[in-house]
Structures are given as C-alpha cells and as structure tokens.
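Whatever order the structure lists ligands and atoms in, that order sets their numbers, starting from 1. Keep in mind that the numbers below use all heavy atoms, side chains included, and drop hydrogens, waters and symmetry copies. All values derive from a computational prediction rather than experimental measurement.
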Amino acid sequence: MAADCIFCRIHKGEIPAQKVYEDAKCFAILDINPVASGHVLVLPKDHHETWTDLPADLAADLARATQKVALAAKKAAGAEGYNLLMNNHRCSGQAIFHAHFHIIPRKTNDGKSFEWKTKPYDAGQLDKAADAIRTALK
Ligand code: 5GP
Ligand code: ZN
C-alpha cells in the first residue's frame, strides 16, 4: 500500500471505481478515461511500480487474471480483438506508478491507433541490438 497511490486507494475503497473482476491477488477496474468503451485496467492488489518489480509469482497471477478479463472485455464490447499493453516508467507514458495492464477492446476500422513511427534498422544495427540484449541477459 502506498498512501499517495490512486490504485492503492481504489483497492482500499478510498476512491470509487467500477471494479469488474477480483481474485485473491489481483483486480480489474474500468479506466476512468478510456480509449474505447470497456477499456479495463488489470492490476495486483499489492503496490509494485512496474512489471519487472513484481515478484514472479505475482506476475504470473496478473497474467492469468489479464487473460480472463481480456476475454470478458472483448465479449462484453462485442469486439473482434483488443490491445494489451503496460506502460513502464514515466518515459513510456506511465502516469500511475502501480503496475497495470490496459485492455482496450478493438474492432476493424474503429478509428483508434497507436501513432508509433517505425523505421528499419540502419546497416549492422539489428545485430548490435540483439547482441546487447543477449549480453544483458547474461
Ligand atoms: P498509465 O499511463 O499509468 O499506463 O495509465 C493510467 C490510467 O489510469 C489512465 O488511462 C487513466 O485514464 C487511468 N486513471 C487515472 N486516474 C484514474 C482513477 O481515478 N480511476 C480510474 N478508474 N482510472 C484512472
Ligand atoms: Zn499502488
């Protein structure tokens, strides 16, 4: 529990939210400012800032809960699919520092988009990037 964390305060019942799912370790609420109707946030009850701060067992619990809620959110919205994402750290867009997955129901031509500008690697950079990750994993 972090006293200044909105999601901890929602878990404690200090701030209202539309809770749509709960189990022993995790719960899910509607995002108050959704990308699409039925946009859900799935999160652990315990306060951890990012995905990699979660103890592995809790990450597994959160993954299981997220699968359940994703199916339900897709069905409830009459959606064809969904985006599943987590922002980690401020630079990525994380605004609430209590790890949470976003589930955003999607339909073909629904007008939603993620404006990521992609470009191919410059010569030699793909191999370098892969090597850097392999080294970091050692
Ligand atoms: P982040 O940028 O940290 O990945 O996403 C935080 C999300 O929490 C945002 O999509 C925002 O709309 C949502 N949010 C912020 N404050 C509240 C709140 O008080 N209640 C609920 N249900 N969602 C919130
Ligand atoms: Zn918290």
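Closest of all the heavy-atom pairs between Ala77 and Pro105 is CB-CB, 3.7 Å. Of all non-hydrogen atoms in Thr66 and Leu62, the two that sit nearest each other are OG1-O, 2.7 Å. Nearest heavy atoms, Lys112 versus Asp110: N-OD1, 3.0 Å. Closest approach of Ala73 to Ile103, counting heavy atoms only: CB-CG2, 4.2 Å.
Interface atoms of ligand 1 facing Ala95, defined by a heavy-atom separation under 4.0 Å, are 1 (P), 2 (O), 3 (O). Close approach of ligand 1 to Asn87 is summarised as follows: ligand atoms under 4.0 Å from at least one heavy atom of the residue are 1 (P), 2 (O), 4 (O). Near Ile29, meaning under 4.0 Å from one of its heavy atoms, ligand 1 places the atoms 22 (N). Below 4.0 Å from some heavy atom of His100 lie the following atoms of ligand 1, by number and element: 1 (P), 3 (O), 4 (O), 5 (O), 6 (C). Proximity to Ile10 (heavy-atom distance under 4.0 Å) selects the following atoms of ligand 1: 20 (N). Atom numbering of ligand 1 starts at 1 in the shown order; those under 4.0 Å from a heavy atom of Leu41 are 8 (O). Those atoms of ligand 1 that come under 4.0 Å of a heavy atom in Phe7, given as number and element, are 8 (O).
Applying the ring-ring contact (aromatic ring centres under 6.0 Å, His included) test between His98 and each of His11, His48, His47 identifies His47 as the sole match.
Close to ligand 1: His102, with a non-hydrogen atom less than 4.0 angstrom away. Residue Phe97 places every heavy atom at 4.0 Å or more from ligand 1.
No part of Gln18 comes within 4.0 Å of ligand 1, judged by heavy-atom distances. Of the heavy atoms in Ile6, only side-chain atoms (C-beta onward) come closer than 4.0 Å to ligand 1.
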- Query: Ile29 and Phe7: side chain to side chain contact (heavy atoms under 4.5 Å, CB included), yes or no, with the steps?
  - Reply: CA-CA 10 Å; Ile29 56 175; Phe7 290 163; 4.2 Å; yes
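Atom OG1 of Thr52 and atom CG of Leu54 lie 8.0 Å apart (nearest 0.5 Å). Taking CZ of Arg106 as the start and CD of Glu80 as the end, the distance is 10.0 Å to the nearest 0.5 Å.
In terms of protein heavy-atom proximity, atom 14 (N) of ligand 1 is nearest to Ile32 CG2, 3.8 Å. Looking from atom 16 (N) of ligand 1 to the surrounding protein, the closest heavy atom is Ile96 CD1, 3.8 Å. The single protein non-hydrogen atom nearest to atom 2 (O) of ligand 1 is Gly93 O, 2.8 Å, given as residue, atom name and distance. Nearest protein heavy-atom neighbour of atom 10 (O) of ligand 1: Asp31 OD2, 2.4 Å.
Restricting His47 to its N/O/S atoms, the shortest distance to the Zn ion (ligand 2) is reached by ND1. Atom ND1 is the N/O/S atom of His98 found closest to the Zn ion (ligand 2).
Checking only distances, Leu30 does come within under 3.5 Å of ligand 1, N or O to N or O.
Taking 2.8 Å as the threshold, Cys8 counts as a candidate ligand of the Zn ion (ligand 2), since one of its N, O or S atoms lies below it. With 2.8 Å as the limit, Cys5 counts as an N, O or S neighbour of the Zn ion (ligand 2).
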Exercise answer: donor-acceptor pairs, residues 38-46 side-chain atoms, under 3.5 Å, sequence neighbours excluded:
unit_1, atom_1, unit_2, atom_2, d
His39, ND1, Val35, N, 3.0
His39, NE2, His102, ND1, 2.8
Lys45, NZ, Glu22, OE2, 2.9
Lys45, NZ, Asp23, O, 2.7

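Here the side chains of Thr50 and Phe97 are not in contact, with every heavy-atom distance at 4.5 Å or above.
Salt bridge status for Asp131 with Arg134: present, with a side-chain N to carboxylate O gap under 4.0 Å.
A cation-pi arrangement is absent between Lys74 and Tyr82 under the rule of less than 6.0 angstrom and at most 45 degrees off the ring axis.
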